[in-house]
Amino acid sequence: MHNQHQSLIFEMSKEGRVGYSLPELDVPEVTSTEVLPAEYVRTEAPELPEVSELDIMRHYTALSKRNHGVDSGFYPLGSCTMKYNPKINEYTARIPGFANIHPLQDEETVQGALELMYDLQEHLTEITGMDEVTLQPAAGAHGEWTGLMMIRAYHEANGDTKRTKVIVPDSAHGTNPASATVAGFETVTVKSNEHGLVDLDDLRKVVNEETAALMLTNPNTLGLFEEDILEMAEIVHAAGGKLYYDGANLNAVLSKARPGDMGFDVVHLNLHKTFTGPHGGGGPGSGPVGVKADLIPFLPKPVLVKTESGFTFDYNRPQSIGRVKPFYGNFGINVRAYTYIRSMGPDGLKAVTENAVLNANYMMRRLSEHYDLPFDRHCKHEFVLSGKRQKKLGVRTLDIAKRLLDFGYHPPTIYFPLIVEECMMIEPTETESKETLDAFIDAMIQIAKEVEENPEIVQEAPHTTVVKRLDETLAARKPVLRYQKES
Ligand SMILES: Cc1ncc(COP(=O)(O)O)c(C=O)c1O
């Protein structure tokens, strides 16, 4: 697998070899010191590899193949909805009228872009059952924080300043308690019951006049739909709290159920998950937030409005929490999401949910014969398995994840949610064929057999990748971002 073109580009360097061809200079040469202050000018030439165009091409192509993406293989990373991102989205995002505009342009010169944003807001309002949507937040967690800041502003506007606590179930996505903390609230955890759902008795105990909101991830991180959602809404509303819906898992309810109809006051969506924005590697994303009417005054400003003379930004919003992002959100991701919604239509979006749920249940059932299934009930778009049985034989879930790399798969999310021992969280998504699901299931079954018959092969995995197990903590704390030739 490893060949000289994969990483040894510095070592391959031959003095005088070049990877470009340019015509003779026919204009006066300008030296660096004529255009830059002397302290910014190099005194020594940088040490760059001297290689041919073909060698550099092979080098970068080889590096690109080391990356695993949804276009190169199955990616069942629970909670991340790594579904196929249709290439028509890329086409529309590159239309010059969208790609080449500048956010400081006069509004009358970008009416088409504003119309797209407005229309997208309308579609998302309809999909979520809310009254208005902002496109400003740049990601899911940013949407959570934005929503919580609006809830905070709402309570403050009502003089209700003792509402300092946000209730978060232990099956929520990890960003929920983090966002609550960053928004200045104290997080109160509510337990799950033996079915993996919010324990209503525990909820009743923690809800009181200090409750600012309940944040609910639905379906929760176990892939389960919160069946008592209406009762939860009643309990929290009766105590004067607001209801926040983490809608990043909307792939499981899209066009079937709407947070607004369940009584929720605020919802965020992850357009880079459910609505096929490409994601991974830290962004850009898009985390629009929808609110019910009583929270509209607090929306981030400016708010895009439709007038008789066209679309315009309204800055006159005295109760707004202010801007949460420079300009108006990640426009390119919003163009992609808009394209997806328009190309799927309502029936297409319904089919997304049906197939996402069907695929997850199919996989869960087949795999439950070989791995422990902590919550044996109908799942939504994802499910969790436990590697407890394998752990008893000396193989950890981490080993199973690493072994999957040898089969060419991205492993599922592991060790999350924390409430399941040796957790594997699998989200196949709707865009995978039955053949792909079966091939992955077969690989998982083979690994389960290896654990019983030949555990070393799993414990020592991966065997086929360029590097074996990395020290992930060290890599995060002390990243080496620049290649250095070994001397
Ligand atoms: C349920 C849930 N909530 C929130 C988030 C946070 O979204 P982001 O990573 O865009 O900040 C995610 C991320 O995948 C998620 O799965």
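Computation of the quantities below employed the complete heavy-atom set of this structure, encompassing side-chain atoms and omitting hydrogens, waters and symmetry-equivalent molecules. Atoms within each ligand, like the ligands themselves, are counted from 1 in listed order. Just so you know, these numbers come straight off a predicted model, no measurement behind them.
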Problem - Gap separating the CD1 atom of I151 from the CZ atom of F298, nearest 0.5 angstrom - result: 11.0 Å
Handout entry: Polar side chain donor-acceptor pair, T81 to N251, under 3.5 angstrom
Key = no
Practice task
Decide whether an N or O pair under 3.5 Å exists between N270 and ligand 1.
Solution key: yes
Exercise for the section: Give the ring-plane orientation class for Y409 versus F407, where under 30° counts as parallel, over 60° as perpendicular and anything between as tilted. Expected result: parallel
Exercise for the section: Please write down residue, atom name and distance for the protein heavy atom closest to atom 14 (O) of ligand 1. Expected result: S79 O, 3.0 Å
Practice task
Could you tell me which atoms of ligand 1, counted from 1 in the order shown, lie closer than 4.0 angstrom to a heavy atom of T175?
Solution key: 3 (N), 4 (C), 5 (C), 6 (C)
Exercise for the section: Please say whether G140 places an N or O atom under 3.5 Å from an N or O atom belonging to ligand 1. Expected result: yes
Practice task
Could you tell me if any non-hydrogen atom of H272 lies under 4.0 Å from any atom of ligand 1?
Solution key: yes
Handout entry: Side-chain donor-acceptor contact under 3.5 Å, D265 with Y244
Key = no
Problem - Distance from atom 11 (O) of ligand 1 to nearest protein heavy atom, with residue and atom - result: A141 N, 2.8 Å
Handout entry: K273-ligand 1 polar pair, N/O distance under 3.5 Å
Key = yes
Exercise for the section: Would you kindly specify which portion of E144 sits under 4.0 Å from ligand 1, judged on non-hydrogen atoms: side chain, backbone, both or neither? Expected result: side chain
Handout entry: Contact bool for atom 8 (P) of ligand 1 (protein heavy atom, d < 4.0 Å)
Key = yes
Handout entry: Test: R377 and E227 ion pair at under 4.0 Å
Key = yes
Problem - Reported CD1-to-CZ distance for the pair I441 and R365, which is rounded to 0.5 angstrom - result: 12.5 Å
Exercise for the section: Check each atom of ligand 1 against the heavy atoms of A139 and keep those under 4.0 Å away; list them by number with element. Expected result: 10 (O), 11 (O)
Problem - Pair listing, side-chain hydrogen bond (donor to acceptor under 3.5 Å, both in side chains) test, anchored in residues 117-128, at least two apart - result: D119-Y338
Completion exercise
atom 3 (N) of ligand 1 sits nearest the protein heavy atom D246 OD2, 2.6 Å
Practice task
Tell me whether the guanidinium CZ or amine NZ of R152 lies under 6.0 angstrom from the six-membered ring centre of F185 and within 45° of its axis.
Solution key: yes
Handout entry: Interfacing atoms of ligand 1 (cut-off 4.0 Å, heavy-atom, T217)
Key = 1 (C)
